[in-house]
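By convention here, the first residue in the shown sequence is residue 1.
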Amino acid sequence: MAYGLMPHRRFHTHFFVAFLTAKSSSGFSSGTKQDRIPKHGMCYIVICFLGIHRLMGVDGGQEIISARYLHPAKAIEEFREGKITLMPPQAYLLHTLSEILHGHLNTPAQKERVEALSKGLFGRMVLNPLRLGSPDGEGRYILTYEGDETRGGSKGRRHRVIVKAGKGGITSEVTVERNFDVFTEVEPHAFNLASKL
């Protein structure tokens with residue numbers, strides 16, 4: 001799943017979902033720091049959240065801001081607490097995954113649902129948010145995605161987020177508004193399914 005944001009600034013983020021076995025891990029290397037995955041007798045669901053790949057366009061350079069393993073619900077919690085920053089499409093995708101991945105013990109059913117999501121129409125979407133209207137009195141604004149009623153979707157279809165920016169324009173709140181099932185009700189005619197990044 002990928003997304004672009006604003007014509008003059010484009011971002012591309014990758015999410016990798018890993019279902020770990022209960023076997024102990026010897027850790028993984030991230031630069032010079034050695035991080036260890038918890039060694040409990042449970043299976044953990046983790047998300048490898050690879051920060052933002054910022055595509056600079058002019059010189060073609062890339063920059064990875066951060067990389068670590070994180071459960072979607074934990075990432076959303078840290079975002080709400082102001083510990084990490086998420087762009088609205090990142091918050092949207094993490095919200096979607098957290099609706100599937102409940103708790104820290106993974107199940108075959110959860111794994112099957114994530115695989116079905118990634119292989120289906122939703123997994124091939126490019127999330128390209130566009131602002132709808134002006135901010136309200138509290139600084140909140142609406143970003144719509146392909147498939148919203150204002151962007152090719154059926155009348156009454158909601159595929160958007162309400163965003164509030166804090167100091168310096170940094171996203172501080174994201175509320176998802178989606179009234180269709182991501183497994184069975186994606187309207188293919190309303191989406192650009194080929195990545196342009």
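The side chain to side chain contact (heavy atoms under 4.5 Å, CB included) search around E78 returns R68, L70, K74, K83, I84, not counting sequence neighbours. With sequence neighbours excluded, the residues satisfying side-chain hydrogen bond (donor to acceptor under 3.5 Å, both in side chains) with T150 are D148. In this view, F180 and H159 satisfy the ring-ring contact (aromatic ring centres under 6.0 Å, His included) rule, not counting sequence neighbours. Residues satisfying the salt bridge (Lys or Arg N to Asp or Glu O under 4.0 Å) criterion with E149, sequence neighbours excluded, are R158. Every residue was checked against the salt bridge (Lys or Arg N to Asp or Glu O under 4.0 Å) condition with E115, not counting sequence neighbours, and none meets it. For R157, the salt bridge (Lys or Arg N to Asp or Glu O under 4.0 Å) criterion is met by E187, not counting sequence neighbours.
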Result block: side-chain N/O donor-acceptor pairs under 3.5 angstrom for residues 133-140, not counting sequence neighbours:
residue : atom : partner : partner atom : Å
D136    : OD1  : E138    : N            : 2.8
D136    : OD1  : G139    : N            : 3.0
D136    : OD1  : R140    : N            : 2.9
E138    : OE1  : R140    : NH1          : 2.5

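Side chain of Q110 to main chain of H102: a donor-acceptor pair is present (N/O by atom type, distance under 3.5 Å, no hydrogens or angles). No donor-acceptor pair closer than 3.5 Å links the side chain of S118 to the backbone N or O of G123.
Between L117 and I100 the shortest side-chain heavy-atom distance falls below 4.5 Å. The shortest distance between side-chain heavy atoms of L121 and V182 does not fall below 4.5 Å. Contact check for R131 versus I142: no side-chain heavy atoms found under the 4.5 Å cut-off.
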Side chain to side chain contact (heavy atoms under 4.5 Å, CB included) evaluation trace for R151 with L130 = CA-CA 9 Å; R151 298 195 48 205; L130 294 177; 3.5 Å; yes

Side chain to side chain contact (heavy atoms under 4.5 Å, CB included) between L86 and L94, intermediate numbers included = CA-CA 10 Å; L86 296 174; L94 289 169; 3.8 Å; yes

What's the verdict on side chain to side chain contact (heavy atoms under 4.5 Å, CB included) for V174 and I162, showing C-alpha distance, side-chain angles and the deciding distance?
-> CA-CA 6 Å; V174 176; I162 299 171; over 6 Å; no

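Once rounded to the nearest 0.5 Å, the distance linking OG1 of T184 with CZ of F122 reads 12.5 Å. Rounded to the nearest 0.5 Å, atoms CD (Q90) and CG (L127) are 11.0 Å apart.
In terms of heavy-atom proximity, L101 sits nearest to H71 at O-CE1, 3.5 Å.
For the 3.5 Å distance criterion, the side chains of Y145 and R178 fail to qualify, holding no donor opposite an acceptor.
A continuous path of ILVMFWY side-chain contacts below 4.5 Å connects V176 to I76, so both sit in one hydrophobic cluster. Linking Ile, Leu, Val, Met, Phe, Trp and Tyr residues whenever their side-chain heavy atoms come within less than 4.5 Å places F183 and V186 in a single cluster.
Sorted by first then second residue, the side-chain hydrogen bond (donor to acceptor under 3.5 Å, both in side chains) pairs that include residues 161-173, not counting sequence neighbours, number zero.
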